[in-house]
Amino acid sequence: MTAPVTRFAPSPSGNLHVGGARTALFCYAYAKGRGGKFLLRIEDTDQKRSSDAASLGFLKDLEWLGLRWDEGPEFEAPDGSRVGGGPHGPYFQSERLAIYDREIARLIAAGKAYEAFDTAEELDAARAAARAAGRPYRYDGSKALALSPADRARLAAEGRPGVVRFRSGERAVTIHDEILGDATLPAGEVDDFVIRKADGYPTYHFAVVVDDETMGVTHVLRAQEHFNNTAKHLLLQEALGYRRLTYGHLPLIFNPDGSKMSKRDKDRALREAVVAAGLEASPAGDDGRPLVDHETFLRWKGDKTVQLAADAATAVADAMGVALPEINVEDFRRSGYLPEVLVNFLALNGWSPGNDLEKFDLAFLCSRFDLDRVVKTPAKFDRAKLLAFNLDAIQAMDAGTFLRRLRAHGERYHPEFLRTLGEPRLAILAAASQPRSKTLDEVFRGNRALVVADDVLVHERSKAVEKALLKGEPTGLDLLAKAKESLAAIPSAEWSPARLEQAMNEFAGGHAGGNIGKVAQPLRVAVTGGTVSPPIFDVLAILGRDSTLRRIDRCLAAFAGATA
RNA sequence: GGCCCCAUCGUCUAGCGGUUAGGACGUCAGGUUCUCAUCCUGAAAACGGGAGUUCGAUUCUCCCUGGGGUCACCA
């Protein structure tokens with residue numbers, strides 16, 4: 001058997017959906033595990049969808065996951081290596097029109113395809129009628145087929161845009177699927193579908209078949225939603241005299257509630273948050289201007305069918321401090337998931353190696369992946385489990401690796417954070433955060449207090465804060481005032497986590513019955529404004545002596561005279 | 001609605017005629033800890049229903065039910 005060639009063939013988009021990522025992953029693993037090739041092809045035959053450079057943003061997502069294509073669009077990876085290219089290009093369908101035209105001409109000449117001039121209105125009416133009669137719609141080609149060459153010439157001369165339809169021949173088609181087994185679609189299920197649109201572009205069905213043939217593809221792994229389409233492709237392959245391909249249709253991935261995972265989930269979540277917060281206008285960005293212009297914002301807020309641009313949505317969510325559901329690979333990256341974890345988890349949705357094994361890397365997947373272990377049932381995407389996997393991976397990292405990867409994430413998503421903190425303090429933060437972080441991002445999200453100026457730090461007035469500061473005898477506030485003196489006695493040069501812990505342990509021994517918690521919590525509130533942070537002595541070390549003492553003073557002043 | 005596909009804990013799944021139906025996440029109950037989070041112990045939790053086939057069905061067949069996909073000049 002020759003080495004397999006698989007392909008991932010998305011329509012152009014700025015983002016790679018997790019479902020698409022899983023498909024790409026399986027295509028990659030199948031080919032690479034067998035010494036074959038993994039191709040990437042852009043299905044941009046819909047002129048309504050843009051296909052400029054920006055719309056290929058998902059290439060970086062594939063690369064980030066470690067899925068480099070042997071052939072396809074050219075791309076320069078962050079490490080400088082070049083991906084893509086190849087002898088079967090162009091890899092954009094919009095640049096392959098001549099090939100499709102040639103093949104369509106062959107079909108027409110052989111009487112296997114014909115031009116049709118139905119208007120959209122006629123087609124809509126026919127569909128509506130079928131629907132009203134409770135029957136599935138099938139195109140009736142009798143009218144178009146009855147046209148004489150002269151008729152066609154006349155219609156074309158009138159400027160009537162025509163399409164080309166494939167003459168399917170109304171017969172049963174059996175699909176052999178390596179995952180689902182065989183299935184036979186009865187005669188009449190496939191009608192005379194369009195293969196060339198009025199704008200001259202081929203339809204998906206036609207382009208796929210031609211490209212898979214001309215690019216040497218041997219195995220088609222795609223989502224199950226394409227299953228019925230396979231019948232069309234089989235018919236086309238036969239009419240064109242092409243090779244037979246091996247098919248495998250992958251189970252779909254859904255939301256936990258069974259709905260489709262779509263970008264709309266983000267809009268929905270954000271809209272709910274906006275409504276819950278009673279927001280009447282877009283939050284402002286750093287420049288003081290609204291993140292979304294007022295009109296757009298109101299239209300979006302009031303109309304569930306309107307979607308916000310992806311960037312705008314994340315900006316607004318960020319400003320509001322709400323987390324949006326991750327849908328695209330980029331979302332998971334931004335949320336601080338590790339690519340190897342996402343790869344691992346994605347593979348587990350629809351496949352498993354058996355033997356109760358579920359932690360593995362891409363190389364392992366490549367070596368073990370096979371179609372006979374792909375499940376047939378759709379999966380619901382369980383973010384909680386993904387998060388647990390991410391945690392495990394972070395815990396398993398050595399400290400140096402964690403620091404490096406944390407820094408890389410920060411540089412990309414929280415540059416201001418890195419600027420203010422600087423390298424030595426970032427290292428302390430990393431060491432303090434690693435044991436308690438489920439994602440790279442929460443280190444930044446959870447420690448904003450570390451990068452705000454001392455004089456703008458706000459001490460929250462929550463139950464938990466009041467308990468830490470005002471309850472007990474002596475109160476946390478009392479202890480805080482005294483502890484400050486002990487801290488002030490430590491010179492800057494000795495201001496380290498170990499030294500601070502030693503000092504505070506001594507202090508607690510003398511003033512809090514040895515209960516370090518009595519001292520730690522008021523300190524935490526004083527310097528972070530809240531009751532949650534990494535270990536307090538690490539926090540104090542990161543802030544430094546001056547900042548620590550200043551924040552304690554401000555806290556003391558803010559709560560002076562307050563009672564529980 | 002027609003056609004096609006599917007069906008094991010809440011979720012992802014293992015199982016390929018005989019198992020105390022396994023693992024993981026989550027959940028619950030304890031424990032450790034300066035908060036949070038880790039971490040440790042333990043527990044509860046599934047073969048959708050009905051007919052067959054068989055000495056024996058989670059496993060094979062059929063029906064029902066339920067779920068999904070698809071019926072475009074989108075891909």
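Chain A is the first sequence line, chain B the second, and so forth, proteins listed ahead of strands; every chain is numbered from 1.
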**Student:** How would you list, by chain and number, every residue that makes a salt bridge (charged side-chain N to carboxylate O under 4.0 Å, His left out) with A:Asp124, sequence neighbours excluded?
**Tutor:** A:Arg127
**Student:** Is a donor-acceptor contact shorter than 3.5 angstrom present between the side chain of A:Arg524 and the base of B:C34?
**Tutor:**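 Looking at the base of B:C34, it does pair with a donor or acceptor on the side chain of A:Arg524 (distance under 3.5 Å).
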**Student:** If you measure from the P atom in B:U59 to the same atom in B:G52, how many Å do you get, rounded?
**Tutor:** 15 Å
**Student:** If the P atom of B:U61 is compared with that of B:A21, how far apart are they to the nearest Å?
**Tutor:**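 Those two atoms are separated by 23 Å.
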**Student:** Between A:Trp351 and A:Phe369, is the ring centroid distance below 6.0 Å?
**Tutor:**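 Under 6.0 Å, so yes.
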**Student:** For B:A72, does either OP1 or OP2 sit under 4.0 Å from a side-chain N or O belonging to A:Arg165?
**Tutor:** no
**Student:** How close do A:Val194 and A:Thr203 get, heavy atom to heavy atom, and via which atoms?
**Tutor:**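 Shortest heavy-atom separation between A:Val194 and A:Thr203 comes out as O-OG1, 2.9 Å.
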**Student:** What nucleotide among B:G22, B:C71, B:A75 has an atom nearest to a side-chain atom of A:His226?
**Tutor:**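 Selected nucleotide: B:A75.
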**Student:** Quickly work out the A:Gln224 CD to B:A75 C1' distance and round it to whole Å.
**Tutor:** 17 Å
**Student:** Only counting residues at least two apart or in another chain, list the ones meeting ring-ring contact (aromatic ring centres under 6.0 Å, His included) with A:Phe364.
**Tutor:**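 ring-ring contact (aromatic ring centres under 6.0 Å, His included) check on A:Phe364 returns A:Phe360.
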**Student:** Determine the Euclidean distance between corresponding P atoms of B:G26 and B:C39; express it in Å to zero decimal places.
**Tutor:**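 Approximately 9 Å lies between the P atom of B:C39 and that of B:G26.
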**Student:** Do A:Tyr204 and A:His226 have their ring centres less than 6.0 Å from each other?
**Tutor:**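 So the answer is yes for these two rings.
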**Student:** P atom, B:A14 versus B:C60: distance in rounded Å?
**Tutor:** 14 Å
**Student:** What does A:Arg222 touch in the nucleic acid at a heavy-atom separation under 4.0 angstrom: a base, only the sugar-phosphate, or nothing?
**Tutor:** nothing
**Student:** Taking the six-membered ring of A:Phe559, is the NZ or CZ of A:Arg461 close enough (under 6.0 Å from the centre) and on axis enough (within 45°)?
**Tutor:** yes
**Student:** What nucleotide among B:C73, B:A24, B:C71 has an atom nearest to a side-chain atom of A:Pro136?
**Tutor:**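 That would be B:C71.
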**Student:** Is any side-chain heavy atom of A:Leu543 closer than 4.5 Å to a side-chain heavy atom of A:Trp495?
**Tutor:** no
**Student:** Would you classify A:Asn229 as touching base, sugar-phosphate or nothing, given that sugar-phosphate means primed atoms plus P, OP1 and OP2, and contacts are heavy atoms under 4.0 Å?
**Tutor:**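 If one applies the 4.0 Å heavy-atom cut-off, A:Asn229 turns out to touch a base.
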**Student:** With sequence neighbours excluded, tell me which residues meet salt bridge (charged side-chain N to carboxylate O under 4.0 Å, His left out) with A:Glu121.
**Tutor:**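 Salt bridge (charged side-chain N to carboxylate O under 4.0 Å, His left out) list for A:Glu121, sorted by chain: empty.
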**Student:** Considering every strand and a 4.0 Å limit on heavy-atom distances, what is the contact class for A:Asp118: base, sugar-phosphate, or nothing?
**Tutor:** base
**Student:** Who passes ring-ring contact (aromatic ring centres under 6.0 Å, His included) against A:Tyr201, sequence neighbours left out?
**Tutor:** none
**Student:** Starting the side chain at C-beta, find the nucleotide from B:A24, B:A75, B:C73 nearest to A:Ser11.
**Tutor:**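 So the side chain of A:Ser11 is nearest to B:A75.
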**Student:** Can you check the distance between B:A57 and B:A51, where both ends of the measurement are the C1' atom (answer in whole Å)?
**Tutor:**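 Each nucleotide's C1' atom is 14 Å from the other's.
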**Student:** Taking salt bridge (charged side-chain N to carboxylate O under 4.0 Å, His left out) as the test, write out the residues that go with A:Glu178, two or more places apart.
**Tutor:**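 Here no residue qualifies.
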**Student:** Any protein N or O atoms within reach of nucleotides 60-66 of chain B? Criterion: under 3.5 Å, listing atom names and distances.
**Tutor:**
none

**Student:** So what does A:Glu225 touch, heavy atoms closer than 4.0 Å: a base, only the sugar-phosphate, or nothing?
**Tutor:** sugar-phosphate
**Student:** Kindly check if the number of other-residue, nucleotide or ligand heavy atoms within 6.0 Å of CZ (A:Arg135) is above 12?
**Tutor:**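 No, not enclosed.
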**Student:** State, with a plain yes or no, whether a side-chain heavy atom of A:Asp212 is found less than 4.5 Å away from one of A:Val220.
**Tutor:** yes
**Student:** For nucleotides 7-12 of chain B, give me every protein contact, N/O to N/O, under 3.5 Å, one pair per line with atom names.
**Tutor:**
from, atom 1, to, atom 2, distance (Å)
B:C12, OP1, A:Lys380, N, 2.9
B:C12, O2', A:Leu348, O, 2.9
B:C12, O2, A:Lys385, NZ, 3.3

**Student:** What's A:Lys232 touching, base or sugar-phosphate or nothing? Going by heavy atoms closer than 4.0 Å.
**Tutor:** nothing
**Student:** Taking RNA chain B as the partner, which of residues 246-254 of chain A come within under 4.0 angstrom of it by heavy atom?
**Tutor:**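 By residue number: A:Leu252, A:Phe254.
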**Student:** Under a 3.5 Å threshold, yes or no: a donor from one side chain and an acceptor from the other, between A:Thr439 and A:Asn390?
**Tutor:** no
**Student:** Taking salt bridge (charged side-chain N to carboxylate O under 4.0 Å, His left out) as the test, write out the residues that go with A:Glu358, two or more places apart.
**Tutor:**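 A:Glu358 satisfies salt bridge (charged side-chain N to carboxylate O under 4.0 Å, His left out) with A:Lys385 only.
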**Student:** Using ring centroids (six-membered ring only for Trp), state whether A:Tyr337 and A:Phe345 fall under 6.0 Å.
**Tutor:** no
**Student:** For nucleotides B:G22 and B:U58, find the distance between their P atoms and express it as a whole number of Å.
**Tutor:**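 Going atom to atom, P in each nucleotide, I get 15 Å.
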**Student:** Can you list, in residue-number order, the parts of residues 527-542 of chain A that come under 4.0 Å of RNA chain B, counting heavy atoms only?
**Tutor:**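 Residues of residues 527-542 of chain A under 4.0 Å from RNA chain B: A:Thr531, A:Val532, A:Ser533, A:Pro534, A:Pro535, A:Ile536.
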**Student:** Rounding to an integer number of angstrom, what distance separates B:U8 and B:C4 when you compare their C1' atoms?
**Tutor:** 24 Å
**Student:** Under 4.5 Å between any side-chain heavy atoms of A:Ser262 and A:Ile327, yes or no?
**Tutor:** no
**Student:** Consider only side-chain N and O atoms of A:Asp265 and A:Asn255, and report whether a donor and an acceptor are under 3.5 Å apart.
**Tutor:** yes
**Student:** Considering only atom C1', compute the distance from B:G23 to B:C9 and round it to an integer number of Å.
**Tutor:** 12 Å
**Student:** Side chain of A:Val194 only, please: which of B:C73, B:C34, B:C71 is the nearest?
**Tutor:** B:C73
**Student:** Check whether any side-chain N or O of A:Lys48 sits under 4.0 Å from OP1 or OP2 of B:A75, and answer yes or no.
**Tutor:** no
**Student:** Provide, to the nearest angstrom, the distance between the CG atom belonging to A:Asp356 and the P atom belonging to B:A21.
**Tutor:** 15 Å
**Student:** Begin from the C-alpha positions of A:Leu500 and A:Ile490 and carry the test side-chain contact (heavy atoms from CB on, under 4.5 Å) through to its verdict.
**Tutor:** CA-CA 8 Å; A:Leu500 290 162; A:Ile490 302 173; 4.0 Å; yes
**Student:** All N/O contacts under 3.5 Å from nucleotides 31-33 of chain B to the protein, with atom names and distances to one decimal?
**Tutor:**
none

**Student:** Do A:Val208 and A:His233 have side chains that get closer than 4.5 Å, going by heavy atoms?
**Tutor:** yes
**Student:** Select one nucleotide: of B:C74, B:A72, B:C3, the one nearest the side-chain heavy atoms of A:Pro186.
**Tutor:**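 Per side-chain heavy atoms of A:Pro186, the pick is B:C3.
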**Student:** Roughly how many Å is it from CG in A:Asn228 to P in B:C6, rounded to a whole number?
**Tutor:** 12 Å
**Student:** Give, ordered by number, those residues of residues 434-445 of chain A having at least one heavy-atom distance below 4.0 Å to an atom of RNA chain B; if nothing qualifies, reply none.
**Tutor:** A:Pro435, A:Arg436, A:Lys438
**Student:** Do you know which of A:Phe193, A:Tyr139, A:Tyr114 makes ring pair (Phe, Tyr, Trp, His ring centres under 6.0 Å) with A:Phe166?
**Tutor:** A:Phe193
